[in-house]
Amino acid sequence: MTNSFAVAVAVARKDLIAEWRTRELVPALAQFVILALVIANFGFQIDSRNAPSIAPGVLWLALVFAGLVAFGRAFAAEREQASLEALMMTPASPVAIFAGKALAATLLLIGCEAVLLPALALFFGTPLSVQVVAAVLLATIGMAALGCLFAAMVARVRARELLLPLLTLPLWIPFIVAGGQAVQVAMGATGNYDQAMALLVDFDILFVVLTSLAARFVLDE
Amino acid sequence: MTNSFAVAVAVARKDLIAEWRTRELVPALAQFVILALVIANFGFQIDSRNAPSIAPGVLWLALVFAGLVAFGRAFAAEREQASLEALMMTPASPVAIFAGKALAATLLLIGCEAVLLPALALFFGTPLSVQVVAAVLLATIGMAALGCLFAAMVARVRARELLLPLLTLPLWIPFIVAGGQAVQVAMGATGNYDQAMALLVDFDILFVVLTSLAARFVLDE
Amino acid sequence: MSIIVANGLTHWFGKEVALESVDLAIDAGEHMAVLGENGSGKTTLLRILATAARPTSGRLEIMGLDALRERRRLRQRIGYVAHAPGLYPALSAAENLEFFCTLQGVSRTRAVEALALVGLAPVASRPAGLLSRGMQQRLAIARAILHDPKLLVLDEPDASLGSDGAELLAAVMLDRTVVLATHDHALANRLCQRTLTLRHGRSVGTATRLHVVR
Amino acid sequence: MSIIVANGLTHWFGKEVALESVDLAIDAGEHMAVLGENGSGKTTLLRILATAARPTSGRLEIMGLDALRERRRLRQRIGYVAHAPGLYPALSAAENLEFFCTLQGVSRTRAVEALALVGLAPVASRPAGLLSRGMQQRLAIARAILHDPKLLVLDEPDASLGSDGAELLAAVMLDRTVVLATHDHALANRLCQRTLTLRHGRSVGTATRLHVVR
Amino acid sequence: MNRYEKAAAGGVALMLAAAAAIFLFAPTDALQGPVQRIFYLHVSAAIAAYGCFAVVLVGGAIYLRNGSLVADRFARAGALVGLVFTTVTLVMGMLWAKPIWGTYWTWDARLTSTLVLWIIYAGYLMVRRLAEPGRQAARFAAVVGIFGFIDVPVVHFSVTWWRTVHPGPIIVNDALPPEMLATFFFTMACTLVLAAVMIGIRYRIETLTDGAEQTVTELARVVGARDAEPVN
Ligand code: HEM
Ligand SMILES: Nc1ncnc2c1ncn2[C@@H]1O[C@H](COP(=O)(O)OP(=O)(O)OP(=O)(O)O)[C@@H](O)[C@H]1O
Ligand SMILES: Nc1ncnc2c1ncn2[C@@H]1O[C@H](COP(=O)(O)OP(=O)(O)OP(=O)(O)O)[C@@H](O)[C@H]1O
Ligand SMILES: [Mg+2]
Ligand SMILES: [Mg+2]
């Protein structure tokens, strides 16, 4: 058997190198996120009064769509090149391969968040505090685990662009609810920030564990 | 030269048959749209008071993302199978081919709207009137023309999933603004419905004409 | 009369030259095989001859028309089989061909004939995506002759055909001008009167049948 | 000693049978060619032997292990070249191989050796997506031997190789047990001691070299 | 100093002169104080950006008509320079907005449409980079440039079409004191010259890049010809 840790790192490294060479994902995702803000603005007629109540919703919508694209892309690319089968034909552990891909996708998504959060602060005048960043990052972990799991699953299925949101979104709801609450509180609404964060941590642990157990069945088929 | 009308019909027919056989797009898109409504529900903490002001925004966000997927898919599928080149190697007019693909994608998107609008009425309690439907359909025409043009373009370019929103969304804004206003008025806000609709018609004409002129340059390359 | 006249065809991919000043003159009805090692520029040349790509520089005249300008007119008379079959996986074999009949502006009965010719009649109603590799290749060949083109451009059409592949190709090439890329020298010798050998994108010699025999 | 023992391998795609009760026994070091018309089930059989697919029914033992259960263990000792090369287009040829070295758990020097063996050393730093069809095929072959597998499963590896393809394959197959699907009877005859011919998914006879000669 | 260095030096000198006029000649605004001096460059940069995007539009249209490489290079140059000036307008505007409106950004029609303008031409440059270099990139970009120009009138008329917090037309309405007006026109002239110089230099760079590929072609032909084997 090969060293699982080395495999995960190699897979993540390969994905990040490919992204760096082609610079496909991050710049466009970042601009896309800003555009989502612009569209949201037109849809909602935001003024300074209601911005703090709408900003969290927009944040989560943008994050959800950026995440769907980032995770979907991670496995779709392997599928298009038929390289997923080649990966699976090695003795490397499917869980390690999965972890590597999830790691790369998560780092890319965090790259987008590094654009999204300041943009949100700039355009909606909401505070960009440590609490907001912490809540978003915590939610990202669990969302990434789930998103990659289903992305791996749908990559081998027809109509993956469509099945992915369908499978992923329902299970992301806990993160959107808890994360949304945490961000709203951090932006000035009343509520219990610590409780929401604790919930996020619980869900993170639950889904990361479940995902690493399930990864084997999804990939090795 | 071949009969352009027959070509457009054949292309549209082929896409619709393939969709009917595989049932990839419409059911999943419809479920996706409903899920987006659910997510919006959690993100925005909607109550009966602010529903009418938030519903139009959610409608347009969902429509925009569904449209991006539908149009992107229309040409991405041809690209993946390398059949776009085979299409272009026939003497059929590129504009006719483009028109056929745009027609099929538009019909599919309208299929989604047939789910989205009732779902919106159900979830948000907003009225489902003829005026709302008319505004959405008018906006769909222009959005489809633009969306398909850029989808055809990015299908031949690296990073198509990302370039598509980037190019399309800025030019969809007029439809989102005018359509959004029309829908808001139709849902009870004050404003001029007829003026917004007239604007939509103007933009439809402008973009359909421009697109049919530009299609040649985008496809014949 | 020459059907293809090419002068100084050159193609660059970025800083790599894939084809360098290739000259050609192919007569009506002639069958020419393009030989050469992997990466010698065969596909690049064939794509240009089929009007699927444009050369970086050089002149190309096909059937008396400027191939860089009159692409649509020429495509009515050219059939091209590329590396990838380019079929619609959800449509059946017959539907794929019928669709391309419409685009070519020919009668749908051509689809039935072409299917029978390439031996796919038994699987006519099977979705193209479920056909084996060789069957897909046959379907791509059938598509290339739907409109009865004067000029056929075949890029390794034999690559995945079964043992009756040579006869099939001979039937398809009959009465047409053909440019055929292949690695199979025996096949080239059997089907073609002339060969053109490429090396690093340059023509290193053409030969007529007698000289090719090993 | 038999490396592969298969009993009654059967594979259904929906209502179509692609492989029907095929029995096999291949000895260590033996080279077996799988022949047959397009759609006769060669790819289906090879995918099963490479553990890339599971048969609908039947038993398969490879190197003494149950191939349906111990897939990961077996994959350390099997190299598989499929129809599609399955490379990362943005990574260079060398990077592709180095990446798979890590996944196979072998030293990266293997990548350099394999590249040289398939003749891709001059284009080692070119992105795989820009290689020609035959070069990509060579890269896929190089990848299949990185971990020095005991068993090689090659699905039409000759399909797009240049005229030195036969020697390359001979070098790769040396000292290994090999199952090779091809349409080229001459090649099968040259490289393999045995052949298995499939027709409509059924084995219609195996032969040793002497009988195959036309 | 060659032609381009001279032009660049001239452009910089003109901008310094404009700075002098802005800070020494123009009066301080009674209401807003010194921040109002942003106005001169803010508006001039916006108008220069419109000009650049017009170059993109016309260059693209000509390219689509007759495939003129010159037109395409001008379009390329115009997009990049226009994006720079749009950035200047945005940044200047945001710096101005903070003291006057108390926030860097608000969703005002003028501001939003300017941001969209920036995004459109950033997309233009991405298409150029991601499409296959040469004909395809040029054609695709030309189409984007033609569609994208629609936003320019939207930006300009946004203040009249919608109710905005951003000031409406004041120059055409003669609402400025003569010194301010003079300073503005001088700055605008200098900025337009600078934009023209930048496009010229960028055009030269594009020509050289195109030419470099050509030279490599020539060079390789010469070198290749030497070691090519005799044709039998
Ligand atoms: C990020 C923020 C801003 C952006 C993106 C922006 C954008 C623009 C643009 C594009 C123009 C050119 C309009 C044309 O001539 O077509 C313009 C003009 C102008 N801007 Fe701004 N602006 C911003 C902030 C401000 C602020 C804070 C002020 C002052 C309160 C201001 C005052 C003006 C004035 C006075 C003009 C000239 C109007 C005329 O006579 O046409 N801008 N701005
Ligand atoms: N996924 C699938 N679904 C349904 N039928 C399939 C599928 N894959 C292959 N088939 C069918 O199974 C049969 C055997 O296919 P297979 O690919 O094994 O043939 P093959 O011998 O490799 O042919 P070729 O020489 O063309 O590569 C064919 O009739 C094919 O149409
Ligand atoms: N899109 C591309 N970008 C860069 N280089 C390319 C591209 N396509 C092909 N090449 C290079 O051009 C050269 C010629 O390629 P081509 O595909 O024409 O070869 P070929 O003779 O068809 O080879 P094969 O026998 O392997 O099919 C090769 O070195 C290849 O790497
Ligand atoms: Mg080739
Ligand atoms: Mg096969």
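As the structure is a prediction and not an experimental result, all values here were calculated from the model. A note on names: the letters A, B, ... follow the listed sequences, proteins ahead of strands, and every chain is numbered from 1.
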Separation of [Y] [atom2] from [X] [atom1] (nearest 0.5 Å):
X      : Y      : atom1 : atom2 : result
C:L146 : B:T90  : CG    : OG1   : 11.0 Å
B:M88  : C:T51  : CE    : OG1   : 12.0 Å
B:N3   : C:L103 : CG    : CG    : 11.0 Å

(request) Using a strict cut-off of less than 4.0 Å between a Lys/Arg side-chain nitrogen and an Asp/Glu carboxylate oxygen, indicate whether C:E95 and B:R21 qualify as a salt bridge. (result)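 Salt bridge between C:E95 and B:R21, a charged N being under 4.0 Å from a carboxylate O: yes.
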(message) Quick check on B:L87 against chain C: is it the side chain, the backbone, both or neither that has a heavy atom closer than 4.5 Å?
(response) both
(message) Counting only non-hydrogen atoms closer than 4.5 Å, does B:V11 touch chain C with its backbone (N, CA, C, O), its side chain (CB onward), both, or neither?
(response) both
(message) Can you confirm whether C:H83 is buried at NE2, in the sense that more than 12 heavy atoms of other residues, nucleotides or ligands lie under 6.0 Å from that atom?
(response)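 Enclosed: over 12 neighbouring heavy atoms sit under 6.0 Å from NE2 of C:H83.
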(message) Is it the case that atom CZ in B:R13 sees more than 12 heavy atoms from other parts of the structure closer than 6.0 Å?
(response)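 Counting other residues, nucleotides and ligands, CZ of B:R13 stays at 12 neighbours or fewer.
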(request) Identify which of C:L74, C:N96, C:L87 forms the greatest number of heavy-atom pairs closer than 4.5 Å to chain B. (result)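 Result: the option with the highest number of such pairs is C:L87.
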What part of [X] lies closer than 4.5 angstrom to a heavy atom of chain B: side chain, backbone, both or neither?
X     : result
C:L91 : both
C:A50 : both
C:A84 : side chain

(message) Minimum heavy-atom separation for B:S83 and C:G86, please, with both atom names.
(response) CB-O, 3.4 Å
(request) Quick one: closest heavy-atom pair of C:R143 and B:A86, and the distance? (result) NH1-CB, 3.4 Å
(message) What I'd like to find out is whether the side chain of C:Y80 reaches to under 4.5 Å of the side chain of B:E85, using heavy atoms alone.
(response) yes
(request) Examine distances only and state if a side-chain atom of C:R72 and a backbone atom of B:P91 form a donor-acceptor pair shorter than 3.5 Å. (result)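 It does hold such a pair.
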